[in-house]
Visitor: 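What follows is a structure written as structure tokens; I'll ask about it next.
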Amino acid sequence: IEQPTFPKITEMCVKMIRRVNDEEGIKKLVNETFQKLWFTPTPHHDKEAMTRKILNITDVVAACRDTGYDWFEQLLQNLLKSEEDASYKPVKKACTQLVDNLVEHILKYEESLSDSDNKGVNSGRLVACITTLFLFSKIRPQLMVKHAMTMQPYLTTKCSTQNDFMVICNVAKILELVVPLMEHPSETFLATIEEDLMKLIIKYGMTVVQHCVSCLGAVVNKVTQNYKFVWACFNRYYGALSKLKNQHQEDPNSTILTANKPALLRSLFTVGALCRHFDFDQEDFKGNSKVNIKDKVLELLMYFTKHSDEEVQTKAIIGLGFAFIQHPSLMFEQEVKTLYNSILSDKNCSVNLKIQVLKNLQTYLQEEDTRMQQADRDWKKVAKQEDLKEMGDISSGMSSSIMQLYLKQVLEAFFHTQSSVRHFALNVIALTLNQGLIHPVQCVPYLIAMGTDPEPSMRNKADQQLVEIDKKYAGFIHMKAVAGMKMSYQVQQAINTCPQDPVRGFRHDESSNALCSHLYSMIRGNRQHRRAFLISLLNLFDDTA
């Protein structure tokens, strides 16, 4: 039989691995297949088999670059969990082998990058290897502890291509997870990391700044406590912002401001990013000063949200979103509520600003979710000694109150013409429901409406949420079905860019499906619900009523 070529194998692996969260039977099959293929220890002398395995894994990771890596994390977690209580742990041994060999491959690729003929290929391979190492670090950071010193020099990669930036970002993400686990790392090593990160923060764009500040947060807060170093950086950007604000107040049309726009954008973003990872109101930073830093930062960033230039407004809102992760209580401030709700509800407001506000809420909820999971893991470790659950309850109480403030406006964003706005609104609602922060009944009609969206990924996500709600609360879907039909019409009206065309209730694809077919499929199983729903629809056309 002809051996399938690498691209074919990669394609098959990508298709299979995406079913890792499917029904139990398929999930079991996927786990077993990849345990045999990737996560079974390789004999030490068989270098060829190991290289094949590394190339296959990194090819699959590279192929999934645009769709995300949740599947890899899920697969690795499933396999490691399955052998937690076993005395022989083949998956753990295979992971150790893979990580060690991935690091070897990285060093090989780096050597061959000087060979100009294969530069593009090897640069892509290098990114795939480092990305795969990051995915391992995310699930088992201990595996990378002995390689931290090897990874650090990659922070000084000269950036000329997209791949170079990806190397830096992934290395920063690895070090963020691994450095706090190192036992007695040398002071020189830590100081070098801090300086490398600071140079990158000052020099490069948003993505690099974000990952480097995050890594610096882990290194300084958990290991070095070098607060003066961070405080100096914060003051540099905070001082620049204050100065630019004063200049703008004196003369909004000043040419100095136009010339300084890049500095203004960088300062807005960097001040926010630093506030996300460091609490500058701690005595370690500001000493005995009585100034409330978080309020000062809020005032500065809020000032620039009223700027005439949309790019400046967007960066100010990004900065606010970062600051709210460290200090969620700021979202209760009246000026913040007014800003967020007016952007979300104003039909004439810029799409970019709407998306940014929704992204801010999404990031806040994702961070809260991560915090809660961490608190849960910590709680399991010390469950018998103390009551950590209360901490989690206080935190989720805060998230719930925040989402109640903005819920209506987020739901109304479902009726926007732009699919990107609907996409982020749905993400926020899905996170809110998954964390149990609101009563789901108020979202049901909106989710029914989103189930008619032309984009399959959004339809499926909305339908999935309805299925989850139906499992927990029987009857909710039926109760809101007619309201959902009416909202579906509103969504279709918003999407319909050609006013001359009538709004249709079916989809033109391979088979002409009704837009609300999923809703009907959920109701038709119960005869009473089905009849009540159909009669309600017919009554809408009753002229005598």
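The chain is numbered in sequence order, starting from 1. The figures here come from the full heavy-atom set of this structure, side chains too, leaving out hydrogens, waters and symmetry mates.
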Visitor: Hey, is NZ on Lys93 packed in by over 12 heavy atoms from elsewhere, all under 6.0 Å?
Guide: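 No, the 6.0 Å shell around NZ holds no more than 12 heavy atoms from other groups.
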
Visitor: Please confirm whether the backbone N or O of Gln210 pairs with a side-chain atom of Ser214, one donor and one acceptor, at under 3.5 Å?
Guide: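 Here the side-chain-to-backbone pair does not exist.
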
Visitor: Is it the case that Asp453 and His423 place a side-chain donor and acceptor less than 3.5 Å from each other?
Guide: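 There is no such pair between these side chains.
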
Visitor: Check whether any side-chain N or O of Thr363 sits under 3.5 Å from a backbone N or O of Lys359 as a donor-acceptor pair, and report yes or no.
Guide: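 Checking the backbone N and O of Lys359 against the side chain of Thr363, a donor-acceptor pair under 3.5 Å is found.
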
Visitor: Determine whether a donor-acceptor pair (N or O, by modelled atom type, separation under 3.5 Å) exists between the side chain of Gln492 and the backbone of Arg504.
Guide: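 Side chain of Gln492 to backbone of Arg504, a donor-acceptor pair under 3.5 Å: no, none is there.
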
Visitor: Are Ser160 and Asp164 linked by a side-chain donor-acceptor pair shorter than 3.5 Å?
Guide: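 Short answer, yes.
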
Visitor: Side-chain contact, heavy-atom cut-off 4.5 Å: Leu519 with Phe533?
Guide: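 Side chain of Leu519 against side chain of Phe533, heavy atoms only: contact under 4.5 Å found.
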
Visitor: Are Arg371 and Glu368 within salt-bridge range, i.e. N to O under 4.0 Å?
Guide: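 Yes, Arg371 and Glu368 are salt-bridged.
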
Visitor: Return yes when atom NZ of Lys92 has more than 12 non-hydrogen atoms of other residues, nucleotides or ligands closer than 6.0 Å, and no otherwise.
Guide: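 Result for NZ/Lys92: open.
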
Visitor: Could you tell me if Gln356 and Thr314 have a donor-acceptor pair between their side chains, going purely by distance under 3.5 Å?
Guide: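 No, no side-chain donor-acceptor contact under 3.5 Å.
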
Visitor: Between the side chain of Gln404 and the main-chain N/O of Ile438, is any donor-acceptor distance below 3.5 Å?
Guide: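 Between the backbone of Ile438 and the side chain of Gln404 there is no qualifying donor-acceptor contact (under 3.5 Å).
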
Visitor: Consider only side-chain N and O atoms of Gln152 and Thr192, and report whether a donor and an acceptor are under 3.5 Å apart.
Guide: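 Their side chains do not contain a donor-acceptor pair, so the 3.5 Å distance test is not met.
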
Visitor: Centre-to-centre under 6.0 Å for His416 and Phe424, is that the case here?
Guide: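 No, too far apart.
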
Visitor: For residues Gln464 and Asn460, is any side-chain donor paired with an opposing acceptor at under 3.5 Å?
Guide: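 Looking only at side-chain atoms, Asn460 and Gln464 do not form any donor-acceptor pair under 3.5 Å.
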
Visitor: Just by distance, no angles: are the side chains of Thr131 and Asn170 close enough, under 3.5 Å, to form a donor-acceptor pair?
Guide: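 Distance-only check passes for Thr131 and Asn170.
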
Visitor: List the atom pairs, with distances to 0.1 Å, where a side-chain N or O of residues 134-143 and a protein N or O form a donor-acceptor pair under 3.5 Å, not counting sequence neighbours.
Guide:
from, atom 1, to, atom 2, distance (Å)
Ser137, OG, Leu133, O, 2.7
Lys138, NZ, Glu73, OE2, 3.0

Visitor: Take Val127 and Gln162, measure what side-chain contact (heavy atoms from CB on, under 4.5 Å) needs, and give me the verdict at the end.
Guide: CA-CA 10 Å; Val127 173; Gln162 185 60 37; over 6 Å; no

Visitor: Ring centres under 6.0 Å, that's the criterion: do Phe165 and Tyr204 meet it?
Guide: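 Centroid distance Phe165-Tyr204: below 6.0 Å, so yes.
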
Visitor: For the pair Lys53 (side chain) and Trp38 (backbone), establish whether a donor and an acceptor sit closer than 3.5 Å, ignoring hydrogens and angles.
Guide: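 Answer holds: yes.
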
Visitor: Do Thr40 and Gln35 pair up side chain to side chain, a donor and an acceptor below 3.5 Å, judged on atom types alone?
Guide: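 There is no such pair (donor and acceptor under 3.5 Å, judged by atom type) between the side chains of Thr40 and Gln35.
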
Visitor: Could you check whether Glu412 and Tyr446, counting side-chain N and O atoms only, form a donor-acceptor pair closer than 3.5 Å?
Guide: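 There is such a pair between these side chains.
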
Visitor: Among side-chain atoms of Lys461 and Asn427, is any donor-acceptor pair under 3.5 angstrom?
Guide: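 Indeed, the side chains of Lys461 and Asn427 share at least one donor-acceptor pair under 3.5 Å.
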
Visitor: Treating Arg530 as the side-chain partner and Arg524 as the backbone partner, does any N or O pair qualify as donor plus acceptor under 3.5 Å?
Guide: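 Yes: the side chain of Arg530 pairs with the backbone of Arg524.
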
Visitor: Has Asn56 got a side-chain atom pairing as donor or acceptor with Arg52's backbone, closer than 3.5 angstrom?
Guide: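 No; zero donor-acceptor contacts below 3.5 Å.
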
Visitor: Applying side-chain contact (heavy atoms from CB on, under 4.5 Å), run through Leu344 and Leu358 and close with a yes or a no.
Guide: CA-CA 8 Å; Leu344 290 174; Leu358 291 166; 3.9 Å; yes

Visitor: Do Arg422 side-chain atoms and Thr417 backbone N/O form a donor-acceptor pair below 3.5 Å?
Guide: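 Confirmed, Arg422 side chain pairs with Thr417 backbone.
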
